[in-house]
Structure formats: C-alpha cells, structure tokens
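Written below as structure tokens is the structure these notes are about.
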Amino acid sequence: MAKTRKIALCGVLSAIALGIFVIESQIPVLVPIVGVKLGLANIITLVAMAILDRKSALCVFLTRVILGSMFAGSISSLLYSLVGGTLAFFVMCILIAIMPEHLIWVISVLSAIAHNAGQLVVAIWITGTSSLIIYAPILLISAIITGTFTGFGAMYLVRALKKMKL
Amino acid sequence: MNKTKNWLILFAVLIVSSAGAYIFLQNYISGGTIVEIRLEGELYDTFDLSKVTEAYDIVIDTKLGTATVHVDIGSVSVCQADCPDHLCMKQGTIEEAGIPIVCLPNQLVVEIIGDYG
C-alpha cells in the first residue's frame with residue numbers, strides 16, 4: 001500500500017474512531033456499574049490493525065484516546081483509558097498474527113478482557129480500595145459480551161474493506 | 001484453537017463461572033456497619049452506621065467540585081457529585097458490605113466493611 005494512502009486511511013480511521021467515541025459517551029449508561037461500556041471505538045483500532053499494520057493502529061488508538069478524553073470525557077478518565085487501552089492493544093498485537101480472519105471477534109473479546117482488567121487494577125490502585133475486586137466477575141462478563149459484539153462489527157468491517165481493495 | 005465452537009464454549013464457561021463467583025462473593029461478604037469514605041486513596045471519614053439516629057449529609061470537596069454523601073438510618077448513598085457521568089449517584093444506596101459505591105472521576109469510594117465468613 002502506498003505511503004500516502006496509508007496516512008490518509010490512518011487519518012480517516014482516527015476521525016471515525018473519535019466520532020464513535022464521542023457519540024458513545026453521549027449514550028446514557030444502561031447499567032450503573034463503573035467500567036461497563038460498549039467500547040465501540042475499539043472496532044476501529046482492530047480494523048486498523050487488520051487492514052493496515054500495528055504502527056498505524058497505534059496511531060489511531062493514541063489519537064482517539066488522547067483527543068477523545070479531551071472532547072468527551074475528562075482528563076481524569078484518561079489514565080483508565082490509557083492503561084486499559086494499552087493492555088488491550090498489546091493483546092491485539094500478539095493475536096492479530098496468529099488468529100485467522102474468522103476469529104477476529106475472539107481477538108476483540110480477549111482484548112476487552114485485558115482492557116477491563118487493566119482498568120480494574122488502576123481503579124484499585126487509585127482509590128486504594130482492594131474490595132473493588134468484587135467487580136472482577138462483572139467486568140469479565142461485560143468484556144465477553146461487549147467484546148463479542150464489537151468483535152463481530154470489526155470482523156464484518158474488515159471483510160467489507162478487504163473486498164473494496166483499498 | 002482455530003475452531004469458533006471451542007472459543008464459544010470457553011467464553012460461555014467463563015460467563016457462567018464468573019456469575020457463580022459473583023453470587024458466591026456477594027453471599028460471602030455481608031453484614032457490617034462500619035462505613036469508610038475514601039478520597040483519592042486516603043481515608044476521609046469513617047463512622048458506625050448502626051449508631052446513626054437521624055439522616056445527614058457529608059459534603060466532600062473533591063478535585064472536580066463537591067460530592068455529597070447522604071447518610072440515612074441504616075443506609076448510605078451518594079446523592080450529589082460533580083462528575084461527568086454521575087454513575088456514583090446511579091449506584092443507589094448500600095445497606096451492607098458487598099459492592100462499594102465508586103466515583104472514579106472524583107476518586108471517591110463509599111464502602112461498608114463487612115464480616116467475612
């Protein structure tokens with residue numbers, strides 16, 4: 001893929017991810033549990049990794065997390081997003097090489113689990129409350145469910161984009 | 001490892017076992033009357049819920065503004081908070097140990113210390 005094309009795609013994907021992130025933050029929470037959210041913007045990180053490469057995906061991810069927390073969240077949520085997101089990113093990096101295309105959704109689930117685990121650790125560390133560990137099973141269930149949905153989203157998007165021969 | 005079915009089974013087992021673990025934890029940790037309010041990792045206030053005879057509010061200065069902990073007879077909740085999502089308020093009241101009320105933006109935790117076993 002030509003370099004210019006890659007840069008352009010990177011920008012487009014970052015913008016889409018940012019848009020999704022801002023819109024998702026406006027959706028009222030369905031369950032009043034800290035840390036439970038759809039994580040729709042992660043679809044784009046996964047797609048960027050599947051159709052471009054790891055480096056481009058990292059750019060898309062960092063742009064979304066840093067600008068996203070300025071636009072939609074607060075700076076205080078940046079640390080949670082960054083730690084959780086970075087862990088999720090590493091899981092994606094490893095799995096993208098070994099997982100076949102029809103199992104992209106599994107990458108999404110496993111990275112969602114890593115994301116939630118990271119956030120929980122940060123929350124326990126920042127609040128100094130070890131009993132928050134009771135959230136672990138809830139966050140695991142939520143990661144599996146939301147990860148499956150966003151994962152299938154990513155999988156279908158990757159298939160469609162590959163057909164388009166970008 | 002390349003079969004969709006195996007992964008589906010793995011995730012189903014994980015969901016069921018975490019639901020089980022959660023129910024077990026909730027039953028395992030119960031009772032308790034000592035309330036601890038923690039702000040930014042430091043103990044801010046602690047009191048005995050069983051000795052509360054009339055409702056009152058504790059207004060806490062946080063880095064985002066204020067947060068108000070409502071102490072009632074036998075229960076405690078966060079009734080006002082300056083944070084983006086107000087998740088802490090939506091978590092409702094707690095009467096016994098188990099799930100603490102958390103406000104991550106304000107780094108505020110309201111927890112009832114339970115009896116274990």
Side-chain angles (χ1 to χ4, degrees), chain A residues 25-37 69 72-81 95 98-110 112-113 119-120 122-145 147-148 151 155, chain B residues 1-8 10-26 28-29 32 36-44 62-64 82-92 97-114 116:
Chain A
S25 71
Q26 299 304 313
I27 302 173
V29 281
L30 299 171
V31 270
I33 303 167
V34 183
V36 174
K37 80 184 266 214
S69 67
S74 51
I75 298 300
S76 64
S77 63
L78 181 66
L79 187 62
Y80 300 101
S81 309
L95 293 178
I98 54 175
M99 286 289 191
E101 203 191 274
H102 71 280
L103 285 179
I104 284 183
W105 67 275
V106 174
I107 306 177
S108 168
V109 174
L110 294 178
I113 294 174
Q119 281 198 318
L120 187 61
V122 175
I124 289 175
W125 173 54
I126 281 184
T127 61
T129 310
S130 54
S131 61
L132 288 185
I133 198 75
I134 196 168
Y135 278 109
I138 310 175
L139 288 176
L140 182 61
I141 295 173
S142 121
I144 294 173
I145 296 171
T148 304
M155 200 163 86
Chain B
M1 198 170 147
N2 282 342
K3 286 216 176 80
T4 305
K5 205 178 97 187
N6 295 352
W7 286 104
L8 280 175
L10 173 71
F11 293 142
V13 168
L14 272 178
I15 288 185
V16 171
S17 51
S18 358
Y22 177 68
I23 293 165
F24 171 76
L25 277 174
Q26 253 196 337
Y28 183 68
I29 308 165
E36 279 188 11
I37 300 174
R38 230 168 281 126
L39 183 68
E40 289 166 31
E42 307 280 323
L43 190 64
Y44 180 89
T62 66
K63 58 180 177 184
L64 295 178
D82 292 320
C83 56
D85 51 13
H86 297 302
L87 267 177
C88 42
M89 290 150 68
K90 288 177 190 143
Q91 285 166 54
I99 302 178
I101 301 177
V102 200
C103 182
L104 285 182
N106 282 314
Q107 297 178 21
L108 176 74
V109 177
V110 181
E111 182 186 16
I112 301 180
I113 306 300
Y116 294 85

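A, B, ... follow the sequence lines: proteins, then strands. Residue 1 opens every chain.
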* To do: Determine the option with the most heavy-atom pairs under 4.5 angstrom with chain B, choosing from A:Gly128, A:Ala143, A:Pro137.
  =>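 Between A:Gly128, A:Ala143, A:Pro137, the count favours A:Pro137.
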* List for me each residue that meets side chain to side chain donor-acceptor pair (under 3.5 Å) alongside B:Ser18, sequence neighbours excluded, and say none if there are none. =>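 Scan of B:Ser18 (side chain to side chain donor-acceptor pair (under 3.5 Å), adjacent residues dropped) gives none.
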* Passes side chain to side chain contact (heavy atoms under 4.5 Å, CB included), B:Trp7 versus A:Leu110? Steps please. -> CA-CA 11 Å; B:Trp7 286 104; A:Leu110 294 178; 4.0 Å; yes
* Hey, does B:Val102 have a side-chain heavy atom less than 4.5 Å from the side chain of A:Tyr135? ->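 A:Tyr135 vs B:Val102: side chains touch.
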* **Side-chain heavy-atom pair A:Ile134, B:Tyr28 within 4.5 angstrom cut-off** =>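 The answer is no; the side chains never approach within 4.5 Å.
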* Against chain B, label A:Trp105 side chain, backbone, both or neither, depending on which of its atoms sit under 4.5 Å from a heavy atom there. =>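 For A:Trp105, the contact with chain B is made by the side chain alone.
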* Is it the backbone or the side chain of A:Leu140 that comes under 4.5 Å from a heavy atom of chain B, or both, or neither? ->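 Contact with chain B involves the side chain of A:Leu140 alone.
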* To do: Work out which heavy atom in B:Ala19 is nearest to a heavy atom in A:Ile141; give both atom names and the distance.
  =>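 Shortest heavy-atom separation between B:Ala19 and A:Ile141 comes out as N-CD1, 3.7 Å.
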* What heavy-atom pair brings B:Arg38 and A:Thr127 nearest, and what distance separates the two atoms? ->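 Heavy-atom minimum between the residues: CD-O, 3.7 Å.
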* Does atom CD of B:Glu42 have more than 12 heavy-atom neighbours, drawn from other residues, nucleotides or ligands, at distances under 6.0 Å? ->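 Open: at most 12 neighbouring heavy atoms sit under 6.0 Å from CD of B:Glu42.
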* **Audit row: A:Thr129, B:Glu111, side chain to side chain donor-acceptor pair (under 3.5 Å) steps and yes/no** => CA-CA 9 Å; A:Thr129 310; B:Glu111 182 186 16; 4.8 Å; no
Under 3.5 Å, side-chain donor or acceptor atoms of residues 10-17 of chain B against the rest of the protein: list the pairs with distances, not counting sequence neighbours.
from	atom 1	to	atom 2	distance (Å)
B:Ser17	OG	B:Val13	O	2.8
B:Ser17	OG	B:Leu14	O	3.2

